[in-house]
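The block underneath contains the structure these notes are about, expressed in structure tokens.
Numbers restart at 1 for each chain; the letters A, B, ... are given by sequence-line order, proteins then strands.
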2 protein chains.
Amino acid sequence: MRVSLKDVASHAGVSIKTVSNVVNDQPHVTPAMRARVQKSIDELGYRPNLTARHLRKGRTGIVALALPELGNPYFAELAAEVVDAAAEHDYTVLLDHTGGRRDQETLVCQGFRSRVIDGLILSPIELEADDLRERAPVPLVLLGEREYDLPYDHISIDNVAAAREAVRHLIALGRRDIAFLGARRGRSQPAHLRLRGWREELDAAGLVADDRLVAATDGWGHADGAAAMARLLDAGHRLDAVFAYNDLIAIGALRVLSERGLRVPEDVAVVGFDDVVEGRFGAVTLTSISPDKASIARMAVESVLSQLDGVPRQQARRIHAGYTLVHRESTLGHD
Amino acid sequence: MRVSLKDVASHAGVSIKTVSNVVNDQPHVTPAMRARVQKSIDELGYRPNLTARHLRKGRTGIVALALPELGNPYFAELAAEVVDAAAEHDYTVLLDHTGGRRDQETLVCQGFRSRVIDGLILSPIELEADDLRERAPVPLVLLGEREYDLPYDHISIDNVAAAREAVRHLIALGRRDIAFLGARRGRSQPAHLRLRGWREELDAAGLVADDRLVAATDGWGHADGAAAMARLLDAGHRLDAVFAYNDLIAIGALRVLSERGLRVPEDVAVVGFDDVVEGRFGAVTLTSISPDKASIARMAVESVLSQLDGVPRQQARRIHAGYTLVHRESTLGHD
DNA sequence: GTGAAAGCGCTAACAC
DNA sequence: GTGTTAGCGCTTTCAC
């Protein structure tokens, strides 16, 4: 049977309160008393029951992280950062994956597990503002590209600016026919941010943003990128560069390009988004937008914890994390 | 303020117990009563406090998964499977990463968070048997390649057999000088299983297991594989095949091979281990041992839950999950 | 500085 | 079928 505070108290011949004081490092305990209690704790092998503590304090020390999919290394790398950031505040992370499905995302927000987590960090894909009409039962922070007009903090990089920088880089290389891979198929959202950045930068450069060079995908994996690239090539449109929604799509495209005998970057330059490790080790390393994952994670955790301490946000904060464009072979050529 | 069972009870004009019965779907409640209580629940927006429930029941509904690193897609993919497997039993997953460091692994086992989790699934790297001398405070299941003589279930594929199959495949291709990439540098463990499989199969085929063709690495990432491959090539040993400890190392090696102008598989055939998605989309797709991640995850969760229901294991079970060798371009040649 | 007692929200005897 | 009550292990006033 497990040993409780009470057991320690009677073993040490003191009251529960005193033991509690020792356990919680309260100041007003005499050193002698502290030593005596500590001895009992050690002998009995006492360990505090966190569930009970949490019930009492109203906090669990757990924050949930709900991501579309762990299989995508970007999210996996981000999850690792969140775990670290949370650990710095003595918080642990409960992991969910929603599959990017609206029902799952809604469920997670509306208090699924609400009483066992202190807060939620969510990276939504399909979630709509309506799904969040009623206030989330715990502090909530949103991550990622989707934007909502809701009173929740939202942390992301400036997707439009980042996309523009990627396209600008391609244009500077002399490319003119720049495809976009990874527009969402069948989503209501009119133009997501990275696609908008692609369009804006092309417009700004006086080039045409040719919709025939926009390839939609069902998902965001390698296979989706490969399929989209193949479709574009099969359609016979001229193109000399590709800007992909993310690295996985870009890498899928790279594969098809090589199968078709097209050289990267000579024939087609490619830029991805996310800077996943995998992009640094292909036959052609991938130029990519590199979001500052560590600071995204840190800010997300801090947002949750500050909401926990203070009043719930009336006003959403839109926080932009940093990013850089990392130049690699897919736009530079081999050394 | 949050609404509790008591609030619902007084609102509906019934006792707490009745509300509890409704919430927990107990059989003996009249439909009329059930409807009335449900109405109050809905109006008040009641949601059960899981912490309190768990304190009472002694279970939290949470199982921890401690992995070396999420950045490695194998672990990320495995984590996703564990989340799914746990969900089928209405369990959720608390994620940890240990960084493969012994102190972290020990901490996790010895009850770090023990009172808030019902069980632990751990994939150890550096952990030694001594670190587990005193019984873990919750049901524990071990995953992965490390083997211990301890009373805990251990789930993995048959690493020796799988490695032998990989090497056998290489030999069948006519390769004779088969390198092993990814032996652990500076670890006490004399021969880990995949290395042993490499050696055994070479012996069985009457070939020499040349230790000069064994390249140690510090870690298990792309960069480690690239460095090891480069070292081997620089040393000038003749080799016509590579068997890597995992896919990431193999992919790093692939990169170096291509930089050096060596063709895969014509000059050097390569086999990896893990079958991560990434290996299916490189310029050269990667032949790999594919562990049945879903069943590993399922068995791990089931082991924890069965220990929770029954008596703690006196006898460890060593469970082997299935695997297959997936043939791809790195040993087959382009189509 | 230390002790006694209340109560966090829930479940499960047991009584009605 | 439904109500009453004790108590899971802890923290926290409030006395002493």
Side-chain angles (χ1 to χ4, degrees), chain A residues 1-38 40-41 44-62 90 111 113-118 137-138 308, chain B residues 1-38 40-41 44-62 90 111 113-118 137-138 308:
Chain A
M1 201 37 220
R2 276 170 166 172
V3 12
S4 75
L5 263 195
K6 194 159 63 175
D7 300 324
V8 178
S10 66
H11 182 271
V14 298
S15 82
I16 285 183
K17 168 63 175 161
T18 304
V19 182
S20 172
N21 280 340
V22 172
V23 171
N24 294 291
D25 267 326
Q26 296 292 343
H28 301 301
V29 189
T30 55
M33 180 58 91
R34 185 179 297 276
R36 180 161 130 221
V37 171
Q38 189 59 53
S40 293
I41 288 177
L44 265 40
Y46 168 77
R47 325 191 115 264
N49 179 327
L50 298 185
T51 306
R53 177 179 291 174
H54 294 149
L55 172 58
R56 183 63 238 224
K57 311 236 298 195
R59 298 232 187 142
T60 61
I62 298 176
D90 292 318
R113 242 180 263 144
S114 63
R115 294 282 174 113
V116 82
I117 62 175
D118 290 345
V138 292
L308 226 36
Chain B
M1 202 37 218
R2 276 170 167 176
V3 12
S4 75
L5 264 194
K6 195 159 63 175
D7 299 325
V8 178
S10 66
H11 182 270
V14 298
S15 82
I16 284 182
K17 169 63 174 166
T18 304
V19 181
S20 172
N21 280 340
V22 172
V23 171
N24 294 291
D25 268 326
Q26 296 293 342
H28 300 301
V29 189
T30 55
M33 179 58 90
R34 187 179 295 276
R36 180 161 129 219
V37 172
Q38 190 58 52
S40 292
I41 288 177
L44 264 40
Y46 168 77
R47 327 194 113 261
N49 179 326
L50 298 186
T51 306
R53 177 180 292 173
H54 294 150
L55 173 58
R56 184 62 239 230
K57 311 236 292 197
R59 299 235 187 138
T60 62
I62 298 177
D90 291 320
R113 242 180 262 145
S114 64
R115 295 282 174 115
V116 81
I117 63 175
D118 290 345
V138 293
L308 226 36

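- In the region residues 13-24 of chain B, proximity to DNA chain C at under 4.0 angstrom, judged on heavy atoms, holds for I16(B), K17(B), S20(B), N24(B).
- L308(B) and D118(B) get closest at one heavy-atom pair: CD1-O, 3.4 Å.
- Note: CZ (R34(B)) to C1' (dT2(D)) measures 13 Å, nearest angstrom.
- The 5' end of DNA chain D is approached more closely, in terms of each residue's nearest nucleotide, by M33(B) than by the other of M33(B) and R56(B).
- Remark: P of dC8(D) and CG of L5(A) are 13 Å apart, rounded to the nearest angstrom.
- The minimum heavy-atom distance linking I16(A) with L5(A) is given by the pair CG2-CD1, 3.9 Å.
- When rounded to the nearest whole Å, the span between CD of Q26(B) and P of dA13(C) equals 11 Å.
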_Audit row: T60(A), H54(A), side chain to side chain donor-acceptor pair (under 3.5 Å) steps and yes/no_ = CA-CA 5 Å; T60(A) 61; H54(A) 294 149; 5.5 Å; no

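- Judged by distance alone, the side chain of N24(B) and the main-chain N or O of N21(B) form no donor-acceptor pair under 3.5 Å.
- Between the two ends of the helix from dG1(C)-dC16(D) to dC16(C)-dG1(D), each summarised by a five-pair axis, the helix axis turns through 40° (rounded to 10 degrees).
- Between the P atom of dC8(C) and the CG atom of D7(B) lies a distance of 10 Å, rounded to the nearest Å.
- Protein atom NZ of K57(B) is 22 Å distant from nucleotide atom P of dA6(D), rounded to whole Å.
- Closest to the P48(A) side chain, of the nucleotides dC10(D), dG9(C), dT2(C), is dC10(D).
- With hydrogens and angles disregarded, a donor-acceptor distance shorter than 3.5 Å links the side chain of N49(A) to the backbone of T51(A).
- One atom, NE2 of H54(A), and another, P of dC8(C), lie 18 Å apart when rounded to the nearest Å.
- D7(B) and L44(B) make their closest contact through O-CD2, 3.8 Å (heavy atoms, listed as atom of the first residue, atom of the second, distance).
- For the pair V23(A) and P48(A), the tightest heavy-atom approach, listed with the atom from each and the gap, is CG1-CG, 4.4 Å.
- Pairs of residues two or more places apart, or lying in two chains, that qualify as salt bridge (Lys or Arg N to Asp or Glu O under 4.0 Å) and include a residue from residues 9-29 of chain A are D25(A)-R34(A).
- The K6(A) side chain lies nearest to dC8(D) when the options are dC8(D), dT2(C), dA6(C).
- The shortest non-hydrogen separation linking H11(B) to S40(B) is ND1-OG, 2.8 Å.
- Between L55(A) and R36(B), the residue anchored nearer the 5' end of DNA chain D, judged by the nucleotide with its closest heavy atom, is R36(B).
- Regarding contacts with the backbone of dT2(D), a side-chain N or O of T30(B) is found under 4.0 angstrom from either OP1 or OP2.
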